[in-house]
Visitor: 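Structure in structure tokens, see below.
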There are 2 protein chains.
Amino acid sequence: MGVRKARAAETEAALKEAALRQFAERGYLNTKITDITAAAGRATGSFYDHFASKDALLQALLADLHGKAHDRLAGQEHPPHDLTDPDQLHEHLAVAWHLMRGNRPVMIALFEQAMAAGPGAGRLWQRLTEDTQVLREHLEHLRESGRPLPGDPELVAAAMGAMLSMLAYALPGEDPGRSDDEVVGILARLLLHGLAGPDSTPAG
Amino acid sequence: MGVRKARAAETEAALKEAALRQFAERGYLNTKITDITAAAGRATGSFYDHFASKDALLQALLADLHGKAHDRLAGQEHPPHDLTDPDQLHEHLAVAWHLMRGNRPVMIALFEQAMAAGPGAGRLWQRLTEDTQVLREHLEHLRESGRPLPGDPELVAAAMGAMLSMLAYALPGEDPGRSDDEVVGILARLLLHGLAGPDSTPAG
DNA sequence: GTCTATATACAGATAGAC
DNA sequence: GTCTATCTGTATATAGAC
């Protein structure tokens, strides 16, 4: 790779990193193109040599994320989980939570983008159902095994996804008093046995 | 009240109603002042004879809602609930759900407004904790009674509120195949006994 | 108070020199 | 490819006639 291309790639990377920082601080909607270029130390016009629009930049960031995820998940098995097993539910939630929290800027951007389209567009509902597809399949598998689910797997999965994604968005970024593990543990217990807890039906 | 004032009040009411319709259809952020005035059959300039801004209009709509709620709740008792009682949890969720769904336009607007401020502003987290304050108090009461909660009442309450509000926002407005009662029932079962269901610990 | 017409502000996007 | 300078589109808000 030539030095010119290298400098260009450097600028593109700087813009991406700056965008991620800005999204996390100000949110996607509030972040202007000039905020990104200023934070990256570039001129406004340079942005459009690399991305056609703010939306295109977000798609590029999402592609990067998919690439990373593919690298990490490549070759891994994905066995059908029994979500009524405490360890397996906890593991499932932990993976989802860390995925969302570890890529918070992109999650924030996608969330705000879907929301800005308005409720009529149904894009938030679409995200919710798509992102919880695996979860839904596990629930359907449980139901087919004769387990008594609280209700329609699609809605239950969406409800769990709603809880997760909303919390991942709204919870303050750096909360010294509340660790990720603590949050995951609480959600796992709530979703496994509910408010009544595991000892609610001693009579069986 | 004179005829002039009456006509003015009529216009103000028309603007409010039009705004509610527009918020439900296009969302708050997407709705322009001109969308509201056009839907109300008035001129653009008339808007500012009644509201200083779109934000001021939303505050007025919120005030209307508070007034209605006050009228309905006036004189009602608010006893401490035992949320591990199926009927009481169901009732609590049903009230919250119908409050949100029955005033969907305003909920939508507040949600989008809080989100547009970005995550750094913490306004979504603020809404989440404020709106679930009563819930948190009930959970704290349970904990003081020695009941084993899944975790910190504030976070559990926020998680439940996150699930509720996100679903109330994202679920399609007119879903012929899924009634409010069905949704509330499913959420109540999920939050009471979790995915494991009531029969998970036959040994006590 | 309501209207038409217009001003203000600003973000997105482009043009052209280097 | 990067820069400075500028254009365009659009939403908010105001001015002034009726």
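Naming convention: chains lettered A, B, ... in sequence-line order (proteins, then strands); numbering from 1 in each chain.
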Visitor: Measure from the side-chain N and O atoms of B/E112 to the backbone N and O of B/L29, and report whether any donor-acceptor pair falls under 3.5 Å.
Guide: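 Checking the backbone N and O of B/L29 against the side chain of B/E112, a donor-acceptor pair under 3.5 Å is found.
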Visitor: In residues 48-58 of chain A, which residues come under 4.0 Å of DNA chain D by heavy atom?
Guide: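 Only A/D49, A/H50 qualify.
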Visitor: Is there a donor-acceptor pair under 3.5 Å between the side chain of A/R104 and the backbone N or O of A/Y169?
Guide: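 Checked: pair present.
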Visitor: Under the side-chain hydrogen bond (donor to acceptor under 3.5 Å, both in side chains) definition, can you give me all pairs with a residue in residues 144-161 of chain B, not counting sequence neighbours?
Guide: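 As it turns out, the side-chain hydrogen bond (donor to acceptor under 3.5 Å, both in side chains) pairs with a partner in residues 144-161 of chain B, which skip direct neighbours, are A/R178-B/D152, A/R178-B/E154, B/T84-B/R147.
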Visitor: Calculate the interatomic distance between B/Q22 atom CD and D/dA11 atom C1'; express it in whole Å.
Guide: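 B/Q22 atom CD is separated from D/dA11 atom C1' by 15 Å.
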Visitor: Taking salt bridge (charged side-chain N to carboxylate O under 4.0 Å, His left out) as the definition, give me every residue that meets it alongside B/E182, ordered by chain and number, with sequence neighbours left out.
Guide: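 Here no residue qualifies.
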Visitor: Provide, to the nearest angstrom, the distance between the CD atom belonging to A/E12 and the P atom belonging to D/dG1.
Guide: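 Rounding to the nearest Å, CD of A/E12 and P of D/dG1 are 10 Å apart.
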Visitor: Between A/H98 (side chain only) and A/A94 (backbone N and O only), is there a donor and an acceptor less than 3.5 Å apart?
Guide: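 Between the backbone of A/A94 and the side chain of A/H98 there is a qualifying donor-acceptor contact (under 3.5 Å).
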Visitor: Testing the 3.5 Å rule here: is there a donor-acceptor pair between the side chains of B/Q88 and B/H81?
Guide: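 Distance-only check fails for B/Q88 and B/H81.
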Visitor: How many angstroms lie between atom CE of A/M163 and atom CG of A/L190, to the nearest 0.5 angstrom?
Guide: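 The CG atom of A/L190 is 5.0 Å from CE of A/M163, to the nearest 0.5 Å.
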Visitor: Pick out which of B/L93, B/L83, B/V156 makes a side-chain contact (heavy atoms from CB on, under 4.5 Å) with B/L191.
Guide: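 That would be B/L93.
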Visitor: Going from NE2 on B/H66 to CG on B/D64, what distance comes out if it is rounded to the nearest 0.5 angstrom?
Guide: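 Rounded to the nearest 0.5 Å, the NE2-CG separation comes out at 10.5 Å.
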Visitor: Go through C/dT4, C/dT2, D/dC3 for me and flag the one nearest to the A/A43 side chain.
Guide: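 Of the options given, the side chain of A/A43 lies nearest D/dC3.
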Visitor: Tell me which donor-acceptor pairs under 3.5 Å the side chains of residues 19-28 of chain B have, and how far apart each pair is, sequence neighbours excluded?
Guide:
{"from": "B/Q22", "atom 1": "OE1", "to": "B/R26", "atom 2": "NH1", "distance (Å)": "3.4"}
{"from": "B/R26", "atom 1": "NE", "to": "B/D35", "atom 2": "OD2", "distance (Å)": "3.4"}

Visitor: In whole angstrom, what separates A/F47's CZ from C/dA15's P?
Guide: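 That distance rounds to 17 Å.
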Visitor: Please determine if a side-chain N or O atom of A/T11 lies less than 4.0 Å away from the OP1 or OP2 oxygen of D/dG1.
Guide: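 A/T11 to D/dG1 OP1/OP2: no side-chain N or O under 4.0 Å.
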Visitor: How large an angle, rounded to 10°, do the end axes of the helix from C/dG1-D/dC18 to C/dC18-D/dG1 enclose when each is built from five base pairs?
Guide: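 One end axis against the other gives 10°.
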Visitor: Which residues in residues 23-36 of chain B have a heavy atom closer than 4.0 Å to any atom of DNA chain D?
Guide: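 Here the set is B/K32, B/I33.
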Visitor: B/T11 and side chain to side chain donor-acceptor pair (under 3.5 Å): which single residue from B/H50, B/K16, B/R42 fits?
Guide: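 Considering B/H50, B/K16, B/R42, a side chain to side chain donor-acceptor pair (under 3.5 Å) with B/T11 is found only for B/R42.
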Visitor: Would you say D/dC3 has OP1 or OP2 under 4.0 Å from some side-chain N or O of A/S46?
Guide: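 Checking A/S46 against D/dC3: at least one side-chain N or O falls below 4.0 Å of OP1 or OP2.
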